[in-house]
2 protein chains.
Amino acid sequence: MKVIIVGGVAGGASCAARLRRLDEKVEILMVERGPYVSYANCGLPYHVAGSIENESSLLVATEEMFRALFTVDCRTNCEVVGIDSKQKTVELKNHLTGQTTTEKYDKLLLSPGSAPIRPPLKGIDLPGIFSVRTVPDARNIRAWLDRDIDRSVGESFTGDDRVSKSKRAVVVGGGFIGLEMVEGLVERGLEVTLIEKLNQVMPPLDIEMARLVERYLVKHGVKVELSNGVAGFRKTKDGSLEVLTDSGKVHPADIVILAIGVRPEIELAKMAGIEIGKLGGIRVDEHMLTSNPDIFAVGDAVEVRNFVTGKWALIPLAGPANRQGRIVADVIAGRDSRFRGTQGTSICKLFDAAIASTGASEKQLVELGDKDYEKIYLFPNSHAGYYPGAKLLVIKTLYRKSNGLLLGAQVLGEDGVPKRIDSFAMAIQMGCTVYDIEESELCYAPPFGSGKDPVNFAGMISANMLRGDMPVCHWDYAEKGFLLDVRNPPELDVESVPGAVNIPLPQLRSRLGELPADKEILVFCRSAQRSYYATRILLQNGFKVRNISGGMLSRSMLSSGEVK
Amino acid sequence: MKVIIVGGVAGGASCAARLRRLDEKVEILMVERGPYVSYANCGLPYHVAGSIENESSLLVATEEMFRALFTVDCRTNCEVVGIDSKQKTVELKNHLTGQTTTEKYDKLLLSPGSAPIRPPLKGIDLPGIFSVRTVPDARNIRAWLDRDIDRSVGESFTGDDRVSKSKRAVVVGGGFIGLEMVEGLVERGLEVTLIEKLNQVMPPLDIEMARLVERYLVKHGVKVELSNGVAGFRKTKDGSLEVLTDSGKVHPADIVILAIGVRPEIELAKMAGIEIGKLGGIRVDEHMLTSNPDIFAVGDAVEVRNFVTGKWALIPLAGPANRQGRIVADVIAGRDSRFRGTQGTSICKLFDAAIASTGASEKQLVELGDKDYEKIYLFPNSHAGYYPGAKLLVIKTLYRKSNGLLLGAQVLGEDGVPKRIDSFAMAIQMGCTVYDIEESELCYAPPFGSGKDPVNFAGMISANMLRGDMPVCHWDYAEKGFLLDVRNPPELDVESVPGAVNIPLPQLRSRLGELPADKEILVFCRSAQRSYYATRILLQNGFKVRNISGGMLSRSMLSSGEVK
C-alpha cells in the first residue's frame, strides 16, 4: 500500500504522522510545493509584527523529522504537476533540480490548502504589495518594512540620514488575517488604513457586533474604510505606492497587505476529475473521501458541512484541518472515523481584545430564511465587578424559538472571551438548550467569573423569554410602542432617547397611572436588567410590555452605521 | 401568601429578587443576622489583601435596594431565634433594639449559610486569631494588620519609630479560603506559614496535583506544613502569638487566620424538626424542599447530590447557592423547577496561577469503590508554543473505561485554565465522552490555544487508549516492566530514571533487537508524546508495551511526597 499526500502543512502533516502511527508498513510519500512542511502559518502575522521574533519558531516540524520519526518520504520544493486518476499516478516536479518523476499511489490525499485571492487589478504585482500565506511571504514583508527608503530616489537598501522606514500601510480586507496584520503593523509603529469591500469587518460576526470592532480599530488609530473596493495600485515618483479605490479615494502607502481572503486550491482536483462543490471547494463525504474512491481531500481546499446551519462551508482554519487529516489516516487504515462537520468556532486577537464566535450568526439564519430563532444581547462583566480588572463583555446569542436549542454565540471583550466562547462552543456541539446553559456549573472565583456566569446569564435571559416571563424586542422595533426609560435621571443626562418617558424603577409601582393601558410599552435601562424588573412589574399589572434587549448598551452599538 | 427568607446573602437574596419578579403580590420578609445583605463574601480575602481596597465595593445590594426595588421587607441585624413549624411562625430578634417579635409564614426559606469551624482549642479566642466569613471579619483583620506593634509592651495602636507592623502570619487550613488568604498575606509582605491537617492542600484535587500547588506555594516563600493539626494557641511576652501543633512544632505569629473549613448552620433546621443528612447539612429534594412541606433550604447549609458521583455533598459555593435560590422562588410561584445537582466545579487563584477542577476526582472514585475508570496526565502548552507567553498546563482527566464517559478534570497553570475547565465542565454536564471532546471545535488562534486544544488532546489520548491503540500505565506500575526511555541523550543528562534503557526514538526501528520479547516494555519520554509514537512502533512489531502517562513530567509530579 502506497499513500501519497499532497501538501505537508496542517492536514497533510497530521495525516502522515497519524497514518504512520496506525500502520508501520504503509509507504507514505508526502510532497510539499514550498520549502517547509508543518509550519505555523497561523503565526505569520505575529512574525511580521515582531511578537514572534525568530522565523525558526514557526517551523513546527521539519522534513528530516518526518523522515526520521515517521519514516515518511518527505519532499519539499516538490510540486504535483499532473494526476492521472485512472492510472493512479502523480507527476512530481522538483523545483530545485527541475526534474519530473512519476509516482504510483494506492490512496491519494489532497491537502493543497488555499491561495490568497489576488484579483487581476492594475498594478497588483508592484513591489511592496504582499499576501501573507507562507514563511517566505513573512520574510519578504519584514525585509520590506526594515528597508530604508530614500524619498528622493525611490527605495534603496543603503543606510542614510536622509532615509526613513515605512510609515504608511494599507491593509486590504478586514477578516482574520487582515485584522491580525493591522494589529501587527500598528504595533510596529505604522499608520494603517484598512479597506474592506463589505459593509463590515470580520465576516463571521453580525454587522452590529462588527461595528464595535470597527470602532475599536479607530480607537487604536486605524483608518477604517468600509464598503469600498480596491480598484488598482500605482507607484509614485518618490517610490511609494498609491492604492486606488472604487470610491475614487486614493490612499498613499509604503506597503500594502492583501488579505482579501483565500480560494481553495483545486487545480489538482480538477486534473483528477473529482467533484467540486458550489462554493468552489472539493466535495468530500464524512470520511473526507472525494468523488474518486481512492482520493481523499482535507483542509482549506474542501467544503465541509456546518452542522448548525446544515450548509456547506469553506473553513480555512487549522483545527478542522488537523482533525480531518487524522480522520483520513484512520479511514486509510481501515477504520470508520467520520468528520462531524464544523460549527465555525473562531477567535481573533485584536490589541487587548478578543473577537470570537461559534455556531450560526443571525445573517446566516436570515440567509437560510430561518425565522424560528430569537437573539439576545448582554453586556456582563468578565468577572466579579468588585475584583480589579473586570471588563465589559459584549455577547450576542441566538437560539431556536421552538425548542430553546442554542444556535450561535458571538463574544467580544478585553477579558474572559476564550472561557465563554469555548463554553458556548461545547454547548452547541452537544446540542444544549438555553435551559441547559442556564444551569451550567462553570468555574467561579472573583478573578475569573461571577456566581452567575455570563454564559448562565445568556441562558437565563433566553429561558425567561421562552417561558413567557419576559417578552423582548430590539431597537428596530422601538418605533412601534411607548418607550419607557427606567433609569435614574443622572443617567439620562449622559445619553437619553428622544420620545422616551422616564420613570425610575424604584418609582414605577407608584406611577403606573402614567402609563398607557392600550399601547405596548417598550422598556429599557442601561443593560436591560432593571428594565427586566420593570417588565415583570408591568406584566403583572396587566400592561402589554417588552424589554428592549441590551438596553442603552445595545442601542449605542446599533445606533450608527458610521465608524466614529 | 407570606414568605419568610432567613439569610440575605447569595441564596436568600437570589430567591427574594426572583420571587418578587415572579409574583408582585406575595409578601416577602427577608431577615439577615449580620449588618449587610447580598454582600460579596467571595471577595473578602481580596479585601484583606488590599486588591479590593474599598469595603463598599463588596456590598452588592443594600437593605434599601431590596425595599425600594423589590418591595421586600428586608431587615438586617435581625436573627431568627425560634421556629414553630406547627404554628408556622418564626421568632425574630432585632440585635440593635433587643426586641423580639413573632412572624407567621406560609413558606419559609432557610438560607443561613455555614459557619467557620472553630475547634475548642486552648487559646482560640485570643486576640489576633480570625476567621474570614463576614465583612466585619475582614475589617477586623485589616485593622489588626494595620496596627502598630511595640514589641516591648505588647500591641498598641500608637504610631512610633520603635514599632513595626505584623510580619508573621499562620494560616490554618489549605482549602480555597486558606490559599486565598495565604496569597493576600504574602502580597501584603508577611511571612506566611500554612498548616494543614490533611496530607495535601486543596481537597478537590487529587494528591499528586496538590503536590504541585504545595511546591508553588513554597516557590512563593510560603512555609507549608502538611499532616499537622493545630493543638492550641498562646500569647507570648512580647504580645505576639504562638501556634502549637500536634507535631510539637511551635510557630510564632503576629496574626492567625483560621480557614479550617465551614460547617452548615443547622440550628434553625433542628428547631424546625426537619431532616438533616449524614454530612450534617439540611436534606432537600430537587425542588430544594426540606422534609417539611413548607420549608425550603438552599446554599451552604444544604446537602446536594453530586450528579457525577451520585453522592451527597456539601458545596459551599456561590454559584449553586444562587441557582438554588432561583429554583425555590420558581417552586413557591408554582413552577416545576428542579436543581440538577452539582458537579463540583471550582477554581482558585493563587499568585499567577489558577487551580481548577470539575466532576469526580480519582480519590472520590476510589472511595466509591469504582474501578471502571482510567486516568491520564497531560502537560500541553496553554497556547501555541511559538507565540509568546505560553505556559505549561497540568491536566488530569478521568473517564469511564467501559463507555468513555468523561468523569472529571483537574487543571493547573498560569495561563488558560478557565477556558479549559469550563470546556470540561460543560462537557461533563452534557454527558460527553472522550470521543466527543476529541472532536470538539474550540476557539483557536495562536494567542489563545492550539490547532489541537488541550481539551482535544485529553480526548485523543483517552480515545487512543479505549481503541486499544495505546495501552497506558502510570509510574506506580513502572517496577513491573522493562523501562524504555526514548528521549535524546542530552535530556537524560538533566534527569534520568534508574534502570531505564535509552534508545532515542529516531533509532528505535533499527534497534528493536535490543528489546526483550517476553517482558512488558514500559516506554516514556518527557511528556508521553514521543513514547506514544514508540508504543505504536513496538506494538506493531509484536512487543508487549505500555506508554507511561505524562512521562517525565508526571514522574516529577509524583516522585516525592516531600514539599521541596
Side-chain angles (χ1 to χ4, degrees), chain A residues 10 21 24 40 42-43 46 51-52 57-58 68-69 71 317-320 322-323 340 342-343 345-349 354 356 358 384 386-388 416 418-419 421-423 425-427 429-430 432 436 439-449 451-452 469 505-506 509 533 536-537 540-541, chain B residues 10 21-22 24 40 42-43 46 51-52 57-58 68-69 71 317-320 322-323 340 342-343 345-349 354 356 358 384 386-388 416 418-419 421-423 425-427 429-430 432 436 439-449 451-452 505-506 509 533 536-537 540-541:
Chain A
R21 290 195 297 269
E24 273 287 296
C42 309
Y46 302 103
S51 48
I52 298 172
S57 308
L58 300 174
L69 288 189
T71 55
L317 292 176
N322 286 332
R323 293 202 303 282
R340 299 184 180 192
T342 180
Q343 63 188 82
T345 308
S346 70
I347 190 166
C348 181
K349 176 180 176 298
T358 186
Y386 56 79
Y387 187 86
K419 167 172 154 70
I421 206 70
D422 276 1
S423 298
M426 189 66 84
Q429 179 190 350
M430 296 308 291
C432 274
D436 293 321
E439 297 293 330
S440 292
E441 192 173 294
L442 303 170
C443 71
Y444 163 56
F448 304 111
K452 292 170 191 151
D469 294 334
L505 177 60
R509 288 186 181 88
Y533 301 161
R536 294 300 308 156
I537 293 169
Q540 293 182 67
N541 281 283
Chain B
R21 291 195 297 269
L22 295 179
E24 273 286 295
C42 309
Y46 302 103
S51 46
I52 299 172
S57 308
L58 299 174
L69 288 189
T71 56
L317 292 176
N322 286 332
R323 293 203 303 282
R340 299 184 180 192
T342 180
Q343 62 188 86
T345 307
S346 69
I347 190 165
C348 180
K349 177 181 175 299
T358 187
Y386 55 80
Y387 187 86
K419 168 171 154 68
I421 206 69
D422 276 2
S423 299
M426 189 66 84
Q429 180 191 350
M430 297 307 291
C432 274
D436 293 320
E439 297 293 330
S440 292
E441 193 174 293
L442 303 170
C443 72
Y444 162 56
F448 304 110
K452 292 170 192 151
L505 178 59
R509 287 185 182 88
Y533 301 161
R536 293 301 307 157
I537 293 169
Q540 292 181 66
N541 281 283

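So you know, we letter chains A, B, ... as the sequences are listed, proteins then strands, and number each from 1.
Most heavy-atom pairs under 4.5 Å with chain A, from the set B/G416, B/A445, B/P446: that is B/P446. Counting heavy-atom pairs closer than 4.5 Å to chain A, the top residue among B/G319, B/A425, B/P418, B/C443 is B/C443. Contacts with chain B were tallied for A/T71, A/I421, A/D436, A/L505; A/D436 has the most, counting heavy-atom pairs under 4.5 Å. With respect to chain B, the highest number of heavy-atom pairs below 4.5 Å among A/K349, A/R509, A/Q343 belongs to A/R509. Ranked by heavy-atom pairs under 4.5 Å with chain A, the first of B/N322, B/I347, B/L58 is B/I347. Ranking B/T342, B/T345, B/I52 against chain A, the residue ahead of the rest is B/T345, based on heavy-atom pairs under 4.5 Å. In terms of non-hydrogen atom pairs under 4.5 Å with chain A, the most contact-rich of B/P320, B/A318, B/S57 is B/S57. Heavy-atom pairs under 4.5 Å with chain A peak, among B/P506, B/C348, B/S440, at B/S440.
With a threshold of 4.5 angstrom between heavy atoms, A/Y46 approaches chain B through side-chain atoms but not through N, CA, C or O. Contacts between A/Y387 and chain B at a heavy-atom distance below 4.5 Å involve backbone atoms as well as side-chain atoms. When heavy atoms are compared at a cutoff of 4.5 Å, B/I537 approaches chain A by way of both its backbone and its side chain. With a 4.5 Å cut-off on non-hydrogen atoms, A/R21 touches chain B through its backbone and its side chain both. Within the 4.5 angstrom heavy-atom criterion, atoms from both the backbone and the side chain of B/E439 approach chain A. With a 4.5 angstrom heavy-atom cutoff, B/A356 does not touch chain A via any of its atoms. Heavy-atom distances place no part of B/L317 under 4.5 Å from chain A, backbone and side chain included. With a 4.5 angstrom heavy-atom cutoff, A/A384 does not touch chain B via any of its atoms.
Counting all heavy atoms, side chain and backbone alike, B/S51 lies closest to A/P388 at O-CG, 2.9 Å. Taking all atoms of both residues into account, the shortest heavy-atom contact from B/F448 to A/A354 is CZ-CB, 3.6 Å. When every heavy atom of A/A40 is checked against every heavy atom of B/Y386, the shortest pair comes out as CB-CE2, 3.1 Å.
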(message) Would A/D422 and B/D422 count as a side chain to side chain contact (heavy atoms under 4.5 Å, CB included) here? Give the steps.
(response) CA-CA 8 Å; A/D422 276 1; B/D422 276 2; over 6 Å; no

(request) Begin with the C-alpha distance, continue with both residues' side-chain angles, and end with the deciding distance and a verdict on side chain to side chain contact (heavy atoms under 4.5 Å, CB included) for A/D469 and B/L22. (result) CA-CA 8 Å; A/D469 294 334; B/L22 295 179; 4.1 Å; yes

(message) Walk me through whether A/Q429 and B/C432 qualify under side chain to side chain contact (heavy atoms under 4.5 Å, CB included).
(response) CA-CA 10 Å; A/Q429 179 190 350; B/C432 274; 5.6 Å; no

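Rounded to the nearest 0.5 angstrom, A/S423 OG and B/L442 CG are separated by 9.5 Å.
Formation of a donor-acceptor pair under 3.5 Å by the B/E24 side chain with backbone atoms of A/N541 is not found in this model.
In summary, the side chains of A/T358 and B/E441 do not present any donor paired with an acceptor at a separation below 3.5 Å, with no hydrogens or angles considered.
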